Amino acid sequence: MSTDTPTPSGAPAPAATTAPADINAARRRRGLTLVAAAVVLAGLAWGGWHWFEGRHREDTDNAYVSGNVVQITPLVGGTVIEIGADDTERVRAGQTLARLDPADARVALAQAEAQLGETVREVRALFANNGALDAQVRLREADLARARAELARAEDDAARRAPLVASGAVGKEEYEHASAQLRSARSAAAAAESAVQAAREQLAASRTQTEGTSVAQHPRVQAAAAKVREAFLALQRTQLVSPVDGVVARRSVQLGQRVQAGTPLMAVVGLNQLWVDANFKENQLRDLRIGQRAEMEADLWGRKIVYHGRVVGLGAGTGAAFALLPAQNATGNWIKIVQRVPVRISLDPKELAEHPLRVGLSMNVTVDTRDQSGPQLDPSAAKDAAARTPIYAAQDAAAEAEVARVLAASLGSAAKAR
């Protein structure tokens with residue numbers, strides 16, 4: 001039986017559990033209200049961040065460090081007798097990386113220098129022959145003048161005797177003798193004229209070999225000098241030098257190995273001239289412009305190191321367009337695949353020096369697209385070389401100096417004066 005006692009008014013008393021249930025419901029409502037408020041605030045915060053910052057950012061983790069990987073290949077064949085640097089070693093521009101046996105190149109250079117000296121002396125003889133032929137022309141001209149004088153005397157003698165033959169003052173025999181001397185003088189004058197013409201032709205033919213030039217600039221001397229340059233450069237190229245500053249990688253050459261021209265021996269990577277190739281999706285390229293600022297994080301250092309740079313340029317095509325085996329989308333079943341375009345981003349040299357990177361490392365790239373003033377394609381043409389090294393110019397200068405030395409030794413004072 002129920003033991004509930006009526007209230008003074010006669011109504012039954014409320015259950016004891018009603019108050020705790022209401023308290024729990026109120027607590028749940030407050031909790032849900034707080035969660036909803038937190039979600040709304042988070043949404044507002046995200047919306048504000050996206051409006052003011054997020055919509056102006058494009059990021060990708062498909063980015064890698066790139067740099068110049070210079071292949072070291074010989075320009076001449078030979079046997080390797082020295083290796084000057086190994087993998088991971090830092091080298092300077094002009095430092096010797098390998099040497100080939102120079103014996104054959106030295107022999108070829110000696111032969112070329114001997115041939116140049118002989119050619120110089122032959123050309124000097126051509127110039128000297130011009131003087132002899134000129135003297136011969138003057139001699140023949142003197143003979144012609146003497147023959148013409150004899151002809152004139154013989155004509156005068158014959159002309160004086162001709163009218164005296166009829167009167168008997170001059171005998172017929174004497175007249176015939178004068179006439180014979182006249183014919184002989186004419187023949188001698190004609191022969192002298194022919195000799196002068198022949199001497200002049202010989203002189204003209206000789207001058208065609210030397211006219212308008214000097215001994216040092218003669219074509220035959222220049223051809224022989226080119227052989228000396230070629231042989232000297234071949235000797236210089238038995239010493240392989242680094243064209244740039246960098247670190248040696250992928251050394252494959254060994255001592256005693258016989259290598260041919262063009263064989264890769266090692267590579268030099270310029271770690272002080274690196275950049276980042278960030279591969280953005282094609283739907284991320286709309287707001288990317290040259291000159292925009294970028295922030296990068298390397299997996300090597302983590303988020304504590306942030307690199308800063310700028311967009312240098314956008315690739316001319318997608319990676320698939322330049323693949324060794326490009327996609328053939330017109331054949332078979334087709335599935336749309338979002339393509340990526342490489343975007344080159346520079347690195348701050350100071351930051352790179354403080355925290356070095358390596359070629360091929362992964363990077364996380366974020367580009368600030370707020371600045372839309374730059375172009376997507378650089379309209380200006382290249383004003384300077386993308387890369388340059390003065391190392392090989394020194395070899396060419398040394399070859400010119402060697403040619404000048406051989407010419408100076410082969411040229412005499414008389415030839416120098418010409």
Side-chain angles (χ1 to χ4, degrees), residues 49-50 53-71 246-247 249-250 267-352 355-380 382 386-387:
W49 174 86
H50 178 74
E53 186 69 25
R55 68 192 183 101
H56 299 298
R57 296 165 68 92
E58 294 291 351
D59 55 63
T60 182
D61 58 357
N62 188 350
Y64 304 92
V65 179
S66 299
N68 294 313
V69 180
V70 181
Q71 292 285 347
V247 176
R250 294 190 299 178
V268 176
V269 183
L271 295 182
N272 58 342
Q273 296 178 345
L274 299 180
W275 62 88
V276 173
D277 285 328
N279 302 298
F280 285 93
K281 296 179 182 179
E282 52 189 310
N283 53 12
Q284 294 179 291
L285 300 177
R286 180 174 55 253
D287 295 329
L288 288 181
R289 298 291 186 273
I290 295 175
Q292 290 174 341
R293 291 177 296 179
E295 294 183 352
M296 294 156 283
E297 298 173 359
D299 292 347
L300 173 66
W301 300 103
R303 293 187 176 182
K304 63 180 181 179
I305 302 300
V306 177
Y307 296 88
H308 299 84
R310 290 187 179 273
V311 175
V312 177
L314 283 71
T318 66
F322 296 104
L324 182 61
L325 297 175
Q328 298 294 329
N329 294 329
T331 62
N333 296 328
W334 176 76
I335 300 175
K336 179 177 175 60
I337 299 175
V338 178
Q339 300 296 312
R340 291 179 181 267
V341 174
V343 177
R344 177 171 290 195
I345 301 174
S346 63
L347 287 167
D348 189 337
K350 294 182 179 179
E351 297 176 348
L352 188 60
H355 300 92
L357 295 173
R358 299 292 187 272
V359 173
L361 291 180
S362 300
M363 300 288 285
N364 297 312
V365 177
T366 301
V367 177
D368 184 355
T369 62
R370 188 176 288 105
D371 181 10
Q372 294 289 307
S373 61
Q376 280 197 328
L377 295 177
D378 190 355
S380 62

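Because the structure is a prediction, the values reported are computed rather than measured.
Interatomic distance, CG of L361 versus CG of L274, reported as 9.0 Å (0.5 Å rounding). The OG atom of S346 lies 11.0 Å from the CG atom of L352; values are rounded to the nearest 0.5 Å. Between the CG atom in N364 and the OG1 atom in T60 there is a gap of 8.5 Å [rounded to 0.5 Å]. To the nearest 0.5 Å, atom CD1 of residue I345 and atom CZ of residue R293 are 13.5 Å apart. Taking CG of L288 as the start and CD of E58 as the end, the distance is 6.0 Å to the nearest 0.5 Å. Between T366 atom OG1 and D61 atom CG the span is 10.0 Å, to the nearest 0.5 Å.
With sequence neighbours left out, Y64 forms a side-chain contact (heavy atoms from CB on, under 4.5 Å) with N62, N279, S362. With sequence neighbours left out, the side-chain contact (heavy atoms from CB on, under 4.5 Å) criterion links V269 to V69, A249, L271, V359. Scanning for side-chain contact (heavy atoms from CB on, under 4.5 Å) contacts around A320 gives T318, Q339, with sequence neighbours left out. Residues that satisfy the side-chain hydrogen bond (donor to acceptor under 3.5 Å, both in side chains) test with D348, not counting sequence neighbours, are absent from this structure. A63 meets the side-chain contact (heavy atoms from CB on, under 4.5 Å) test with V276, A278, M363, V365; sequence neighbours excluded. Legend: residues meeting salt bridge (Lys or Arg N to Asp or Glu O under 4.0 Å) with R289, ordered by chain and number and at least two apart, are absent.
I337 and E282 get closest at one heavy-atom pair: O-OE2, 4.1 Å. Here the closest non-hydrogen pair linking A323 and P326 is O-CD, 3.5 Å.
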Side-chain atoms of residues 296-315: list all donor-acceptor pairs with protein atoms under 3.5 Å, sequence neighbours left out, distances to 0.1 Å.
from, atom 1, to, atom 2, distance (Å)
W301, NE1, Y307, OH, 3.1
W301, NE1, P356, O, 3.4
Y307, OH, H355, O, 2.8
H308, ND1, E351, OE2, 2.8
R310, NH1, G291, O, 2.7

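At least one donor-acceptor pair under 3.5 Å links the side chain of Q376 to the backbone N or O of L285. Formation of a donor-acceptor pair under 3.5 Å by the Q273 side chain with backbone atoms of G270 is not found in this model. Of the possible donor and acceptor atoms, one in the side chain of D371 sits under 3.5 Å from a partner among the backbone N and O of S373.
Between R370 and Q292 there is no side-chain heavy-atom pair separated by less than 4.5 Å. Counting only heavy atoms from C-beta outward, the side chains of F280 and V367 approach each other to under 4.5 Å.
Applying the ring-ring contact (aromatic ring centres under 6.0 Å, His included) definition to pairs two or more places apart or across chains, none involves residues 281-300.
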